[in-house]
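Below is one structure, written out as structure tokens, with a few remarks after it.
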Amino acid sequence: MEHLQTQGISLPRLGLGTFRMQGDVCRAAVESALDLGYRHIDTAEMYGNEDAIGAAIAASRIARKDLHVTTKVWHENLAADAIRKAFDASLNKLQLDHVNLYLVHWPSRSMKLPAVFETLIKLKEEGRTRAIGVANFNIALLKTVVEEIKAPIACNQIEYHVMLDQTPVLKYLAAKSIPLVAYCPLAQGRAAADEALIAIGRKHNASAAQVALKWLLDQDGVAAIPKASRAESQRANLDALKLTLDDEDRKAIAARPNNKRFVNPGFAPAWD
Ligand SMILES: NC(=O)c1ccc[n+]([C@@H]2O[C@H](COP(=O)([O-])OP(=O)(O)OC[C@H]3O[C@@H](n4cnc5c(N)ncnc54)[C@H](OP(=O)(O)O)[C@@H]3O)[C@@H](O)[C@H]2O)c1
């Protein structure tokens, strides 16, 4: 598995998303993914599944140094003491003494970004998270974080898939050598039923979902975290890495509509 090097961490380019999986279902999915070779697990305090993920990791024989775990602080907990409390609760549930990456899950209109990053940087300096980052930050917010606060963010995790163009953010991140972690990389499963992707997949003996994932992972500085509860899908998503797309495939994908955003909560500042 290829990794992205960013702010001192080594991020496996394909990870397992875990939103909407909880309890035994989540634990079983994470155990299956770890068995298949996944070494990057994405969670968040808001998902209510850090305890199940902690149990799966504890039951695995994988050395901590070989595993990447991302978790996130929810937008209601962005005051300094609230971040600390949320972080401690996350570590506890995950049964870990550190996470690899701690993200601001969503921006909020009331957050004080310099204070937020002061706390996150302290957590990094204390070694309790190896790196810090953001999710759902638009270019204006990224500029504040990167150019004014100069926080060492290791990624921006945003919605990105064949149905949603993210060229402007990608260009900004690339110029600053910051990876983009693509969430909803399968457009919440919709990519699997897309006729154009099915046709491309047929050519390569691959599925439409595999085409959608490989299209993302062929791009410099992009990682992806598809959620898959079933072992067959987890395996198929790993196998997507072996697929070779050609220029004709990329042209066919570029010709499709790509303005469909599926995640956009009202409480966050608007996207450009
Ligand atoms: N930072 C944020 O604000 C944010 C927001 C949204 C999501 N995320 C993260 O990103 C992860 C992924 O996003 P998502 O879960 O919303 O959507 P997604 O990964 O785009 O799609 C998940 C759906 O695709 C299906 N699927 C997976 N692999 C497949 C395959 N090979 N063939 C056919 N179908 C397949 C899954 O089915 P089964 O589950 O039935 O296997 C599930 O229904 C989340 O789990 C979460 O970790 C972050």
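Because the structure is a prediction, the values reported are computed rather than measured. Just follow the structure's listing: the first ligand is 1, and inside any ligand the first atom is 1.
Remark: among candidates Trp106, Phe19, Tyr183, the nearest residue to atom 10 (O) of ligand 1 is Tyr183, based on non-hydrogen atoms. By heavy-atom distance, the residue among Lys72, Lys227, Met46, Gln188 lying nearest atom 39 (O) of ligand 1 is Lys227. When the heavy atoms of Gln157, Gln210, Arg235, Glu159 are ranked by distance to atom 1 (N) of ligand 1, first place goes to Gln157.
For atom 35 (C) of ligand 1, the nearest non-hydrogen atom of the protein is Leu186 CD1, 3.9 Å. The protein atom (non-hydrogen) at minimum distance from atom 28 (N) of ligand 1 is Asn237 ND2, 3.0 Å. The closest protein non-hydrogen atom to atom 38 (P) of ligand 1 is Ser229 OG, 3.3 Å. With hydrogens left out, the protein atom closest to atom 24 (O) of ligand 1 is Gly189 CA, 3.4 Å, a heavy atom.
Here Ala228 has heavy atoms under 4.0 Å from ligand 1 in both its backbone and its side chain. Residue contacts with ligand 1, taken as heavy atom pairs separated by less than 4.0 Å, do not involve Thr43 at all. With a 4.0 Å heavy-atom cut-off, ligand 1 is reached by the side chain of Asn136 but not by its N, CA, C or O. Using a 4.0 Å cut-off between heavy atoms, Cys184 contacts ligand 1 through both its backbone and its side chain.
Counting heavy atoms from C-beta on, the side chains of Leu103 and Cys155 come closer than 4.5 Å. Using a 4.5 Å heavy-atom cutoff, the side chains of Leu186 and Lys227 are not in contact. Two residues are said to be in side-chain contact when any heavy atoms from C-beta on lie closer than 4.5 Å; Lys122 and Arg84 meet this criterion. Ile139 is listed as a side-chain neighbour of Lys143, based on a closest heavy-atom distance under 4.5 Å. For the pair Phe19 and Gln188, the minimum side-chain heavy-atom distance is 4.5 Å or more. Annotation: side chain of Thr18 is in contact with side chain of Ile53 (closest heavy-atom distance under 4.5 Å). Side chains of Phe117 and Ile153 form a contact here, defined as non-hydrogen atoms less than 4.5 Å apart. Looking at heavy atoms from C-beta onward, Ser10 lies out of side-chain contact with His68 at the 4.5 angstrom threshold.
In this structure, a donor-acceptor pair under 3.5 Å is absent between the side chains of Tyr160 and Asp165. Side-chain atoms of Glu45 and Thr71 include no donor-acceptor pair closer than 3.5 Å.
Residue contact check: Tyr47 has heavy atoms under 4.0 Å from atoms 4 (C), 8 (N), 9 (C), 46 (C), 47 (O), 48 (C) of ligand 1. Of all the atoms in ligand 1, the ones that sit under 4.0 Å from a non-hydrogen atom of Thr18 are 45 (O), 47 (O). Every atom of ligand 1 is numbered from 1 in the order shown, and the set under 4.0 Å from a heavy atom of Pro226 is 19 (O). Less than 4.0 angstrom separates some heavy atom of Ile225 from each of these atoms of ligand 1: 9 (C), 10 (O), 11 (C), 12 (C). For ligand 1, the atoms sitting less than 4.0 Å from at least one non-hydrogen atom of Ala209 are 30 (C), 31 (N), 32 (N), numbered in the order shown with element in parentheses. Near Ala192, the atoms of ligand 1 lying under 4.0 angstrom from a non-hydrogen atom of the residue are 33 (C). Interface of His105 with ligand 1, defined as ligand atoms under 4.0 Å from a residue heavy atom, comprises 1 (N), 2 (C), 3 (O). Distances below 4.0 Å separate heavy atoms of Ala135 from the following atoms of ligand 1: 1 (N).
Residue Pro185 places a heavy atom less than 4.0 Å from ligand 1. The closest approach between any non-hydrogen atom of Phe262 and ligand 1 is not below 4.0 Å. Heavy atoms of Val263 come nearer than 4.0 angstrom to ligand 1 in no pair at all.
By the side chain to side chain contact (heavy atoms under 4.5 Å, CB included) test, Lys214 pairs with Asp218, Leu243, Leu245, sequence neighbours left out.
Classification of the Phe267-His75 ring pair by plane angle, with boundaries at 30° and 60°, yields parallel.
A side-chain contact (heavy atoms from CB on, under 4.5 Å) with Val104 is found for exactly one of Leu78, Asn77, Leu141, namely Leu78.
In terms of polar-atom proximity, Ala236 is not counted as a contact of ligand 1, lacking any N or O under 3.5 Å from an N or O of the ligand.
Within the 4.0 Å cut-off (strictly below), a protein heavy atom is located near atom 47 (O) of ligand 1.
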Asn92/Asp88 under side-chain contact (heavy atoms from CB on, under 4.5 Å): CA gap, chis, key distance, verdict | CA-CA 6 Å; Asn92 228 353; Asp88 288 346; over 6 Å; no
